[in-house]
Amino acid sequence: MAIALNKLDKILKGREGSSFELIEVLQDIQRDYRYLPEEVLRIVSEKLSVPLIEVFKVANFYKAFTLKPRGKHLITVCMGTACHVRGAPKFLDEVLGQLKVKPGETTEDGEFTVETVNCLGACALGPLVVLDGKYCDHMTTAKLRVLIQEVRGNAKKK
Ligand code: FES
């Protein structure tokens, strides 16, 4: 599948040769493409004058970046100790069962990606699930089921 490069042109506008802006550029690409396509990283390397190996090192170092395509919606289940003892494994089973994926995978329709993290730094609010950047605290399986249904319902309306 061809990658739309017009978004990249906008991101790189005025930044050519600015190697110090690599992380910001990668953040913008991650936001607009929902992952870091290899083809795009090659162009970034050339335009920012950063060796491709360095671009990949940065892309692999930060957990916020992914080299694999993500779904339109990202569900992150915290599996840290505090959330774990409050039932996080149940939520993970629920979401994986509903969406028929494994952790780190994207649903066939490209709507959802499910990931796990070890702690989101808000243990008192656990168990925590993050849906598209929104923290959903004191999660229950019933709440999680409703959240996923709402997102699915909204996607169908569009
Ligand atoms: S263990 Fe879940 S936020 Fe810290």
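In listed order, ligands and their atoms are each counted from 1. Here the structure is a predicted model, which is why all the values come from computation and not from measurement.
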* Stepwise side-chain contact (heavy atoms from CB on, under 4.5 Å) check, E111 with L99 -> CA-CA 10 Å; E111 284 292 321; L99 300 176; over 6 Å; no
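- A salt bridge (Lys or Arg N to Asp or Glu O under 4.0 Å) check over residues 80-92, counting only residues at least two apart or in different chains, returns nothing.
- Counted within 6.0 Å of NZ on K143, heavy atoms from surrounding residues, nucleotides or ligands total more than 12; the atom is thus considered enclosed.
- Distance alone, capped at 3.5 Å, is enough to place a donor-acceptor pair between the Y33 side chain and the A4 backbone.
- At most 12 heavy atoms of other shown residues, nucleotides or ligands fall within 6.0 angstrom of atom NZ in K72.
- For a distance threshold of 2.8 Å, the protein N, O or S atoms nearer than that to atom 2 (Fe) of ligand 1, listed by chain and number, are C78 SG, C83 SG.
- Considering only heavy atoms from C-beta on, I148 stays 4.5 Å or farther from H73 through its side chain.
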